[in-house]
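Below: the structure, in structure tokens.
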Amino acid sequence: MDNRAAQQRIGQIRQQIVQEIDDKDQKLEYAQLWAGFYKKTLQQRLDQLNKIQNVNVEHFKDGGLSLQNANLMVENCIGKIGMPLGLGLNFLINGQYYIIPMAIEEPSVIAAASAAAKTIAECGNGFETYSTRPVMMGQIQLLNVENYSKAECLIDSNKVSIINRGNQACANMVKRGGGIEDVKLRQLGEGQASVDIFINVCDSMGANIVNTVLEHLAPLVEEITGHQVGIKILTNLCLNRKVTSLFRLNIEKMSYKNYTGQQVASMILNAYKFAELDYFRAVTHNKGILNGIEAVCNATGQDGRAVNASLHGYACLNGKYKPLSKYWIEGNEFIGELTIPISVGTQGGVISQNPLYQAVLQILEYPDSQRLAEIMACVGLAQNFAALRALTVEGIQKGHMSLHAKNIAISVGVPEHQVEDAVLFMKNRGSFRKETAKEFLKAYHLFQEIGKVKGKKNQSLCTFSAQFQLEGSQEKVELHVVFDCHSNKRIDVDFLSKSEISIKLFGSKSHTWFQHLFKIINKVKIEEESESLPKKGLTVKLKVISILINLLSYNLLIIDYEKTRNYLNYVLNQQHIDFPDGEIEFKYGIALLTELLHIFEYNIQQFIGEQVLKNALLNEQNLIIKSHLNSFELWQRAKLDKEFQIGNFWLYRKKRLSCTMMLLCDCINFKTIDEKLVELMKQLGDVYEIEITLTRDTEKWKDATLKDPNIYTYWLMQHDQLLQGDRNCVLDQFKNESSAMLEMKRQRIQPLLPSSMAHLSKQATTAVSLLYQSRF
Ligand code: HMG
């Protein structure tokens, strides 16, 4: 681009910025849409992105790259590695707002870039950017050069034929408007020279095409110069592919955390000067810039090593390593600028090998390579500005460490739903160390310190842990729950331990029984459609938590019916109720139940997108507990008042088997989830629940007492035949009545099931016949 054309483009950009920024509504609308995005759940963020940008967010959940493609991409492949992907927000670039995907393992980078971009949009007009065309330079090494002038003259006079020959190797690039633009010889001394080939690589990063052209040209260069050719390779220092990002801030408006705009501006200038004067500092200053740039490289499938090499090369171009950004004051404006040589592409490379990159480019509104480079420069500059502002105003650790605290908590095994509490704990302690996170986990004196139960003394948190290697599932499920059971005594229960309290709360056979129950109901699963491992993990986890809730609420009703009923009625209606008093085991059970309900809901809200399934799962969980309450009540009325409602007792009793819940959890893996599917699963679950309850309660009847609810016992009581229950004719009568109801439900559902699921209505029969020696 000649000087006049460049000036014209700069003028256009400025005009565009002023025009678009004048549109105050745009800023307002953007702020309303994205403010507080980080406070939303992961699922809410994905939903918002999907809704606003119409992006297929599925790829973001599993990293997009298939194992097969990974295996084709590198040698000795053994898998893939994950990295968090987030959104840099508030970037107003040349008058247009951008949402910028950033992939990075380091906490606080995305927050910092977004925070700085917000200041830059609000206290100025956002970023202005300028860039040169995507011209890369390749080098052909010439050896044994004796006469440089002659060699230079030969290259120069044969320029046209070199260009023509080279363009044959990149004919498609030429068609797109690219190709070789210039050829020059540079003297290096000691008999060596570099024939520099300048190639417009359009929207590619350029490495492949440049190297292809160089290898194609080498024999011609050898022929023209008569000198031996050495290596042929592009240079990553792409001085002809530069980009500049610049912002201007009204100094008055730059105030930050109790410091005036003047103070902030002057402190940042001092910090910048430090980097100018000292190359130790300059390296770290530039690392901050790369935090932002590399995160966008990772998210868009760029060769980050090439970018890094180029930036560091440029930083010491004049023999001394310098900061890449510049800051200065002009009148009442504070100005930041970053100019860097950067080679990135939006076509070719690994972009086509992973659909995730396409989705990321869609979020960026499919930029060309020049625009992508401009975006990266803005993120680098924002990141640098944020770091300098934080360093000068409050020190880097405050913001950085409070965000890093999440990683620390996760690394010591704090369960995900309690990470926020652990971070708060560490913040309050002013210590972001593993030891502190472990203390949280052990729950020593935590609640007094974070103020949740202010005023109470000597309370400590209780813990519950469980590990299941479930039969019929390859997943290992681990649960670690920390909770307050409103007692001075701390209790730690391991589900496997067969301790007294565990037996009381989960039943006498505890772990074996759990495995047994899980085995039955796991047989009534529907095969998943999705291969997404994270979803499979979630399915099993939700199933396990739900069964634990089921067992616990049932046993708590046996331990103290009145108090449990009272408490659960309030909790299920989301009303406040004081924590019930009682024996420590009871209090432990109630507190654990409350926490498990919380974990169950947390996982659903965070990780399940479809509202219809979310509602169905949460409603079903409530229904299971309400059914326990109702079946206990009907049981008491039958026992004490001889008042019978067999239809309703069936309705509530069968819920103990959780089959509908298991089927709904399986739905998580379905690609399409709608009301029809959910309704079908409910009907199918109903059939399973009736069949298994029928088998189970008649099998168990041998030992049945009036203590535990049982459908056969209930029917016998109603027919005044309690003592005749083991007679075949009585059992047959019960069987006939119940089977008729079951058959009717089965007939109703059969035509609704798609052919691929036709076998499902009989699946429960197979499952129970494997586990019980059926009496029917
Ligand atoms: P703050 O100003 O307190 O943030 O900064 P705020 O609460 O006022 O929020 C402002 C905006 O920031 C929010 O807008 C968000 O966009 C974003 P809103 O949504 O409210 O409209 N934001 C967040 N985004 C996601 N998650 C969050 C979050 N919080 C705010 N949790 C901040 C807080 C941490 C950003 C600030 O302290 C900061 O900029 N710290 C610098 C952190 C940093 O640079 N980290 C990089 C790692 S350190 C390093 O490697 C580089 C270094 O060595 C380089 C050098 O030496 O130069 C430092």
Side-chain angles (χ1 to χ4, degrees), residues 27-42 44-45 48-49 84-92 97-102 104-123 126 253-259 261 264 267-276 278-295 308 311 315 321-327 336 338 379-407 419-420 423-424 427 432:
K27 270 191 181 178
L28 197 67
E29 193 186 320
Y30 180 92
Q32 279 168 353
L33 270 180
W34 296 97
F37 185 66
Y38 61 97
K39 293 178 190 148
K40 299 194 165 158
T41 65
L42 177 62
Q44 284 170 331
R45 284 184 222 128
Q48 175 162 339
L49 186 63
L85 177 70
L87 291 183
L89 298 175
N90 314 319
F91 279 86
L92 182 60
Y97 270 109
Y98 285 87
I99 293 157
I100 305 180
M102 298 169 72
I104 189 160
E105 87 298 339
E106 189 174 359
S108 88
V109 168
I110 298 175
S114 307
K118 189 173 176 183
T119 304
I120 291 165
E122 285 175 356
C123 309
K253 294 186 185 168
M254 280 175 69
S255 60
Y256 187 66
K257 316 239 173 202
N258 297 334
Y259 286 85
V264 175
M267 290 191 300
I268 294 180
L269 280 189
N270 277 339
Y272 161 61
K273 191 77 193 157
F274 184 19
E276 272 272 295
D278 179 34
Y279 56 75
F280 283 100
R281 172 59 205 148
V283 168
T284 322
H285 178 102
N286 289 344
K287 187 265 180 189
I289 294 172
L290 275 158
N291 272 345
I293 294 180
E294 212 169 87
N308 261 287
L311 263 57
Y321 193 92
K322 286 280 188 188
L324 289 161
S325 58
K326 286 193 177 71
Y327 294 95
L338 175 69
V379 180
L381 182 59
Q383 186 59 50
N384 182 229
F385 176 74
L388 295 185
R389 184 171 61 170
L391 279 166
T392 52
V393 167
E394 58 182 3
I396 202 74
Q397 290 308 79
K398 192 156 183 237
H400 176 72
M401 285 314 284
S402 61
L403 293 174
H404 184 51
K406 282 188 191 171
N407 287 355
V419 165
E420 294 295 339
V423 170
L424 190 57
K427 260 189 191 170
F432 295 103

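Just follow the structure's listing: the first ligand is 1, and inside any ligand the first atom is 1.
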For [X], is at least one N or O under 3.5 Å away from an N or O on ligand 1?
X      : result
His285 : no
Ala35  : no
Arg389 : no
Asn291 : yes
Lys118 : yes

Give the contacting part of Asn90 toward ligand 1: side chain, backbone, both or neither, where contact means a heavy-atom distance below 4.0 Å. side chain
Taking non-hydrogen atoms only, is Thr284 closer than 4.0 angstrom to ligand 1 via side chain, backbone, both or neither? both
Does atom NZ of Lys40 have more than 12 heavy-atom neighbours from other groups under 6.0 Å away? yes
More than 12 heavy atoms of other groups within 6.0 Å of Tyr279 OH: no
What atoms in ligand 1 come closer than 4.0 Å to a heavy atom of [X]?
X      : result
Ala390 : 40 (N), 41 (C)
Gly36  : 18 (P), 19 (O), 21 (O)
Ala112 : 35 (C), 39 (O), 41 (C), 42 (C), 43 (C), 44 (O)
Glu394 : 37 (O)
Leu391 : 55 (C), 56 (O), 57 (O)
Gly288 : 54 (C)
Ala387 : 44 (O), 54 (C), 57 (O), 58 (C)

Testing Val379, Leu381, Asn384 for side-chain contact (heavy atoms from CB on, under 4.5 Å) with Ile289, which one passes? Asn384
Distance from [X] atom [atom1] to [Y] atom [atom2], nearest 0.5 Å?
X      : Y      : atom1 : atom2 : result
Glu294 : Lys287 : CD    : NZ    : 9.0 Å
Met102 : Gln383 : CE    : CD    : 5.5 Å
Arg45  : Leu87  : CZ    : CG    : 9.0 Å
Thr392 : Asn270 : OG1   : CG    : 9.0 Å
Trp34  : Leu89  : CH2   : CG    : 6.5 Å

Heavy atom of Ile110, distance to ligand 1 below 4.0 Å: no
Check contact between Lys39 and ligand 1, using heavy atoms of the residue and a distance below 4.0 angstrom. no
Is there a side-chain contact (heavy atoms from CB on, under 4.5 Å) between Val264 and Arg389 once you walk through the steps? CA-CA 7 Å; Val264 175; Arg389 184 171 61 170; 4.3 Å; yes
Please work out whether the ring planes of Tyr327 and His285 are parallel, tilted or perpendicular, with thresholds of 30° and 60°. perpendicular
Can you figure out which of Phe37, Phe385, Tyr256 has its heavy atom closest to atom 1 (P) of ligand 1? Tyr256
Counting heavy atoms only, which of Lys287, Lys406, Gln383 comes nearest to atom 50 (O) of ligand 1? Lys287
Check the pair Arg281, Thr284 against side-chain contact (heavy atoms from CB on, under 4.5 Å), reporting the backbone distance first and the verdict last. CA-CA 5 Å; Arg281 172 59 205 148; Thr284 322; 3.6 Å; yes
